[in-house]
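Here's the structure, in structure tokens; my notes come after.
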Amino acid sequence: MPDYSNLAIAAALDELGDLYELDGAVIHRVLAYRTAARAIRDAPMSVGALAREGRVTELPGVGRTLEEKILALLDTGSIPAAEKLRARFPPGLMDLTRLPGLGPKRARQLFDQLGIDSLDALREAAEGQQLRGIRGFGPKFERTVIEALDAGLGEQPAPRVLLPRALGLGEQIRDELRAHHAADRVELAGSARRLADSVKDLDIIATATDPAALAAALGELDVIESASVAGPNAGRARTHNGMPVDLRVVEPGQFGNLLQHFTGSAAHNVALREAAVRRGLHVSEYGILDDASGETLHCETEEGVYERLGLAWIAPELREGRGELAAAANGGLPARLIEVSDLRGDLHMHTTASDGRNSIEQMARAALERGYEYIAITDHSATHGFGNDVSPDELRAQIEAVAEVNARIEGIEILAGSEVNILPDGSPDYDDELLAALDWVIGSVHTSFGIGEAEMTKRMVAACEHPYIDAIGHPTGRKIESRAPYAVSIDALVEAAARTGTMIEINSAPDRRDLNDVHARAAHDAGVRILVNSDSHGVSTLSNVRWGIATARRAWLGRDDVANALPWARFAPLRKRAR
DNA sequence: GCCGTTTTCGGCCCGACTGTTTTCAGTCG
């Protein structure tokens, strides 16, 4: 039976939380829905299946009531409470709450008293100066609301940009501020520091000999389009491509508190503070207040903040409220997260034989320069389409070409491989004899994304069971911020991969990072060997492994947890054909 | 609505800003 994806279940609970909030429910009840939605979105297993087994309350934040609602959604396709509330609150009401300064409470006031149920109705009322008649609203609000509507706010959620672009901007701003004469320490915080998939705004934390001068300097940078001063020690700006930037300057003695606070995530900080309260401590961006002594502890470093709370320092990539606090309290954090320099090989790349831009030799020499001991040349297979597929005869020629380059270049093992299409029935698109002649095979899905979860799962499990498919490439097909993952049971895929010794890659293309962090962590925990591959289509993108490594770090992986961080002698026998 | 090395009931992170308000609720990060 077709089940609801975790994303769909989480979206339904988020919507219900929003509706309850409009309905005036106590905020903690609303937050309970959002917390549960987040736990479900993050869950590495199928929550639908978990619910049917009667185990969904094992998820943190999901109790009896939410279990009942999830089961109603699975069984009937809707949640009765949501139906009821949807009938009372028009969908346009949620659009209103996306405008700055307009939350659920005030949107509800406008709806109740003026019948405003859409952005258009709001504009009409604001232009007609009708809003000022309502308690709590005035002429200023009418003006700002019209400005916001003119700017197109409210029509869609604020855009998020991919990490590489955000990090590039953030590091540039950080470095230019560091070069300013008033600057002392300057660090990038926020989701960019956590190396998240995408970033909404840039947070920069600094100490300075002259805070006002540094705050003013932000507005003078070339990348900045507009800026305003936000208090004596803060600046707010927008880059030319619309990315908001916040700068906060503090006393050196509080730098650790502020950096910790602004690195987040929100979930991490909330969990951290709740745990602190239980010990009589109150954590804020300014310090740690001790109930017992009445004193506030200021920390120069982040390590100091965590230490005062009885915790080991937590790498920013782990700060997502996914169990890192418990691990930091009991010595359960990874001793050392993997780094780019740990990689010894790259098992997924393309050449001019398919849609790459460089030759086998060029790719090999570039890989050698990166210090790799081995690479696999994995051009697209026979049915790729787009005019750049490799016929069986062409692949045989490619095998010889790889062997020739491999014999000629010292210091690196070049594997003749292929990125084969996994056909809808789960079979690869070369015959077994040809696959057996290769050194390495990645299986990927490039077509028929919409066949449904059951079929897709069967397809990918069959690929894992194939004797010559060594690894699964970009296993969910997601494109961050642009294409949802196709429906597939990650649990079943991971189980099949573990059972058959099939590796799963974290594809490092910056818009893929697929597997994602939570799935990669779950796959590793289930005994699957994880690869971090570039999927590069030219020498210049071999360095994309930086983004795959970011995801691996967010998956709590160390060097020993990533197969292609092994030396060739230990990696080679892990291939199916070598066993 | 969830949850429990004080609790099965009564809590649930913290602070700044805003516009409107005579002391603050709502919003935001």
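Each chain gets a letter, A, B and so on, in the order its sequence line appears, and its residues count up from 1.
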B:dG4: pairing nucleotide in any strand, Watson-Crick or G-U under 3.5 angstrom: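 Base partner found: B:dC9.
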
What is the distance, to the nearest angstrom, from the [atom1] atom on [X] to the [atom2] atom on [N]?
{"X": "A:R132", "N": "B:dG19", "atom1": "CZ", "atom2": "P", "result": "15 Å"}
{"X": "A:E285", "N": "B:dG15", "atom1": "CD", "atom2": "P", "result": "8 Å"}
{"X": "A:Q254", "N": "B:dC14", "atom1": "CD", "atom2": "C1'", "result": "14 Å"}
{"X": "A:E21", "N": "B:dG26", "atom1": "CD", "atom2": "P", "result": "11 Å"}
{"X": "A:L281", "N": "B:dC13", "atom1": "CG", "atom2": "C1'", "result": "13 Å"}
{"X": "A:E67", "N": "B:dC2", "atom1": "CD", "atom2": "C1'", "result": "14 Å"}
{"X": "A:H282", "N": "B:dC13", "atom1": "NE2", "atom2": "C1'", "result": "10 Å"}
{"X": "A:L325", "N": "B:dC13", "atom1": "CG", "atom2": "P", "result": "14 Å"}

If you compare every side-chain N and O of [X] against the phosphate oxygens of [N] (OP1, OP2), does one of them come in below 4.0 Å?
{"X": "A:Y33", "N": "B:dC2", "value": "no"}
{"X": "A:R98", "N": "B:dC28", "value": "no"}
{"X": "A:K140", "N": "B:dG19", "value": "yes"}
{"X": "A:H28", "N": "B:dG1", "value": "no"}
{"X": "A:T35", "N": "B:dC2", "value": "no"}
{"X": "A:R29", "N": "B:dG1", "value": "yes"}

Candidate list A:E324, A:E317, A:E320, test salt bridge (Lys or Arg N to Asp or Glu O under 4.0 Å), partner A:R194, passing option: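 Of the listed options, the one satisfying the test is A:E320.
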
Of A:R238, A:R236, A:K200, the residue whose pairing with A:D246 passes salt bridge (Lys or Arg N to Asp or Glu O under 4.0 Å): A:R236

[atom1] gap between [N] and [M], integer Å:
{"N": "B:dT6", "M": "B:dC12", "atom1": "C1'", "value": "16 Å"}
{"N": "B:dT7", "M": "B:dG11", "atom1": "P", "value": "14 Å"}
{"N": "B:dT20", "M": "B:dT27", "atom1": "C1'", "value": "14 Å"}
{"N": "B:dC9", "M": "B:dC14", "atom1": "P", "value": "25 Å"}
{"N": "B:dT8", "M": "B:dC2", "atom1": "C1'", "value": "12 Å"}
{"N": "B:dC13", "M": "B:dT23", "atom1": "P", "value": "28 Å"}
{"N": "B:dT21", "M": "B:dG26", "atom1": "P", "value": "14 Å"}

Side chain of [X] (C-beta onward), nearest among [options]:
{"X": "A:E274", "options": "B:dG26, B:dC12, B:dC2", "value": "B:dC12"}
{"X": "A:S284", "options": "B:dG15, B:dC2, B:dG29", "value": "B:dG15"}
{"X": "A:P104", "options": "B:dT27, B:dT20, B:dG1", "value": "B:dT27"}
{"X": "A:Y286", "options": "B:dG1, B:dA16, B:dT27", "value": "B:dA16"}
{"X": "A:T65", "options": "B:dC13, B:dC2, B:dT27", "value": "B:dC2"}
{"X": "A:L66", "options": "B:dG26, B:dG29, B:dC2", "value": "B:dC2"}

Partners meeting salt bridge (charged side-chain N to carboxylate O under 4.0 Å, His left out) with A:E67 (sequence neighbours left out): A:R64

Would you mind classifying the nucleic acid contact of [X] as base, sugar-phosphate or nothing, using non-hydrogen atoms under 4.0 angstrom?
{"X": "A:V277", "answer": "sugar-phosphate"}
{"X": "A:L272", "answer": "nothing"}
{"X": "A:R64", "answer": "sugar-phosphate"}
{"X": "A:V283", "answer": "sugar-phosphate"}
{"X": "A:K200", "answer": "nothing"}
{"X": "A:L99", "answer": "sugar-phosphate"}

A:D246 vs A:P139, nearer the 5' end of DNA chain B by closest nucleotide: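 Looking at the nearest nucleotide for each, A:P139 comes out on the 5' side.
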
Closest-nucleotide ordering on DNA chain B, the 5'-leading residue of A:G101 and A:T144: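 Upstream on the strand: A:T144.
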
Rounded distance [0.5 Å steps], CG in A:L221 versus CD in A:E176: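 Between atom CG of A:L221 and atom CD of A:E176 there are 5.0 Å.
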
Beyond-backbone contact of A:I314 with A:H268, side-chain heavy atoms, under 4.5 angstrom: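 Of all side-chain heavy-atom pairs linking A:H268 with A:I314, at least one is under 4.5 Å.
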
Criterion side-chain hydrogen bond (donor to acceptor under 3.5 Å, both in side chains) against A:D514, the qualifying member of A:T476, A:N507, A:T551: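 Result: among A:T476, A:N507, A:T551, A:T476 is the only option passing the side-chain hydrogen bond (donor to acceptor under 3.5 Å, both in side chains) with A:D514.
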
Cation over ring face, A:R513 and A:W547, 6.0 Å, 45°: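 Here A:R513 fails the 6.0 Å and 45° test against A:W547.
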
Residues A:D14, A:R38: salt bridge by 4.0 Å N-O rule: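 Not counted as a salt bridge, because no side-chain N and carboxylate O are separated by less than 4.0 Å.
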
